[in-house]
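Have a look at the structure below before the remarks.
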Amino acid sequence: MGIFYAFPIMIAAAVLQAVFIPQLDLIGVGPNLIFVIVVAWALNAPLPQGVVWAVVGGIASDLMSAMPLGTSALGLAMVVFVMNALGTQFYQLGILVLLLMGLFGTFFYEFYRLAMLDFFHLVGYIPADAPFVITWGSDIPTVIAPVMLYNVAMILPVYVLLRRLQRRLPETE
Amino acid sequence: MRRRSVNRIPLLIVTVLSCIALIFFSGGGALRGLEGLVSTPLNALAGLFSGTSRTVASLTAGERTYEELEAYVADLETQLARITTELVELRETGADYQRLADLVNYVAQNQNQEVVAADVIARDTVRALRTVVINRGVRDGVRVGMPVVTGQGLVGRVINVSANASRVQLITSEFSSVSARTQTNRVEGAVIGLASGALRLTLIPQGAQVQVGDLVLTSGLGGNLPPDVVIGQVTSTRQFQSDIDQTAEVRSLIDFDRLEMVLVVTSFEPVDLSVFEPTPEP
């Protein structure tokens with residue numbers, strides 16, 4: 001049942017991410033709503049369900065972007081797999097694990113997306129007429145670090161909302 | 001995570017392979033039709049909500065005037081709701097008028113160009129890419145490569161078109177490079193986007209005189225963009241003896257984070273120079 005919720009929630013999140021988040025004008029970057037929702041949902045969902053949320057969210061995100069379809073899905077799915085693997089080690093530390101996942105998961109995911117941008121530029125998947133160069137020294141503090149902070153700030157309220165929804169769902173999976 | 005025994009490895013392999021296949025086909029352009037079809041309702045939704053988001057943004061942006069209004073409304077409590085609503089509407093109308101006046105001004109100055117006005121309905125979910133979606137597509141005569149401008153200057157180029165929407169790569173994108181020249185000394189170079197969203201004029205020959213305050217215009221070299229469209233203004237220059245060329249920081253007059261209305265120059269067709277490129281020996 002939880003799988004079917006992925007479609008409306010992720011489509012709504014993608015539209016919010018593309019329309020509302022940029023209007024917040026937060027020092028050039030904003031929270032990654034889709035990432036936050038996937039992580040918050042996957043923490044208490046079975047692995048296959050978490051992967052479906054990651055893939056649906058990733059595709060919705062890529063449809064609102066110039067990124068090739070599947071790029072964000074792959075990154076989010078990897079985050080969910082890592083979460084699942086680590087989650088079994090830290091079962092008792094729910095909230096702490098959530099915040100740590102938000103922090104380090106964001107770092108991994110944003111790092112991955114920048115690296116993929118570099119790769120897509122190399123293979124010509126993104127239209128470009130400039131030599132795109134990632135300057136990690138400046139991109140990590142100016143692009144990745146603020147998103148990490150925004151995501152950590154958002155993840156707890158989003159988790160609480162989604163947990164309420166999850167508790168109402170029948171245990172079919 | 002719920003503790004349930006799920007064999008991770010097959011699921012991981014299937015997911016990763018599916019995503020890589022999707023990236024491969026999508027990046028190669030094989031899924032363009034399908035992507036256009038699926039993104040059409042998403043773009044329509046984005047268009048529907050973009051008006052609301054602007055109203056919300058204008059409410060949060062106008063804090064100072066709102067406080068002034070509060071003092072005024074203290075005397076006129078009964079009219080509070082009406083005045084607040086009216087003010088927001090008027091501010092939106094005023095902003096729209098200013099933007100339209102800029103666009104009309106651009107059209108009046110460039111009567112040889114055919115343009116299509118468009119609203120910005122969404123921004124790239126990957127901020128580093130710096131692209132926006134506009135609500136005009138093939139049906140309105142928009143094609144890939146067409147320049148996009150406002151009354152303040154160059155916005156970018158169309159890189160993707162669907163039936164009723166187009167994706168525009170902003171000149172602030174790190175993937176963008178625009179042939180440019182300064183207005184006063186006709187010094188040529190290339191304006192590139194930086195990770196911070198700023199612009200930099202590069203490839204300026206050593207010894208060329210670039211002054212702070214100079215207007216930077218498109219040069220038209222390369223045939224990708226029409227000449228003499230304003231890109232921005234030089235704010236500082238950098239010249240090192242050890243470098244082959246010098247650079248200058250350029251500030252666009254456009255606030256790319258608050259871009260709402262643009263013009264697509266539909267009468268301009270990019271020149272295909274690929275025939276002049278040397279072909280490798282067999």
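Heavy-atom basis, side chains included; hydrogens, waters and symmetry copies ignored. Chain identifiers are assigned alphabetically (A, B, ...) following the order of the sequence lines, protein sequences preceding nucleic acid strands; residue numbering begins at 1 within each chain. Note that the structure is a prediction, hence the values are computed from the model and not measured.
When each of A/Ala18, A/Ala60, A/Ala73, A/Ala14 is checked for heavy-atom pairs under 4.5 Å with chain B, A/Ala18 comes out on top. Looking only at heavy-atom pairs under 4.5 Å with chain B, the residue among A/Ala12, A/Gly50, A/Gly70 that has the most is A/Gly70. If you tally non-hydrogen atom pairs under 4.5 Å between each of A/Leu69, A/Ile11, A/Leu74 and chain B, the highest count goes to A/Leu69. Top candidate by heavy-atom pairs under 4.5 Å with chain B, chosen from A/Ala66, A/Ser72, A/Pro68, is A/Ala66.
Environment of CE in A/Met78: sparse, with no more than 12 heavy atoms of neighbouring residues, nucleotides or ligands closer than 6.0 Å.
Taking B/Ala248 as the reference, B/Leu201, B/Ile204, B/Val210, B/Val234, B/Thr237 meet the side-chain contact (heavy atoms from CB on, under 4.5 Å) condition, with sequence neighbours excluded.
Separation of atoms CG (B/Leu154) and CD1 (B/Ile171) is listed at 4.5 Å; rounding is to 0.5 Å. Taking OG1 of A/Thr71 as the start and CG of A/Asp62 as the end, the distance is 5.0 Å to the nearest 0.5 Å. Atoms CZ and CG, on B/Arg251 and B/Leu199 in that order, are 10.5 Å from each other to the nearest 0.5 Å.
At a threshold of 4.5 Å between non-hydrogen side-chain atoms, the residues A/Val36 and A/Asn32 do not count as touching.
Of the charged side-chain nitrogens involved, at least one lies within less than 4.0 Å of a carboxylate oxygen, so that A/Arg113 and A/Glu110 count as a salt-bridged pair.
Heavy atoms closer than 4.5 Å to chain B are found nowhere in A/Leu33, neither backbone nor side chain. Contacts of B/Val16 with chain A are made by both backbone and side-chain atoms, with heavy-atom separations under 4.5 Å. Both the backbone and the side chain of B/Arg123 have a heavy atom closer than 4.5 Å to some heavy atom of chain A. With a 4.5 angstrom heavy-atom cutoff, B/Leu194 does not touch chain A via any of its atoms. Interface remark: A/Ala54 contributes no atoms to any contact with chain B (heavy atom separation under 4.5 Å).
Of the N and O atoms on the side chains of A/Tyr159 and A/Asn44, at least one donor lies less than 3.5 Å from an acceptor on the other residue. Judged purely by distance below 3.5 Å, without hydrogens or angles, the side chains of B/Arg167 and B/Thr131 pair a donor atom with an acceptor atom.
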B/Thr125 and A/Ser61: CA distance, side-chain angles, deciding distance, side chain to side chain donor-acceptor pair (under 3.5 Å) verdict
CA-CA 6 Å; B/Thr125 50; A/Ser61 172; 3.3 Å; yes

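Close approach to chain A, defined as a heavy atom under 4.5 Å from one of its heavy atoms, is seen in B/Ile23, B/Phe24, B/Ser26, B/Gly27, B/Gly28 of residues 23-30 of chain B, taken by number.
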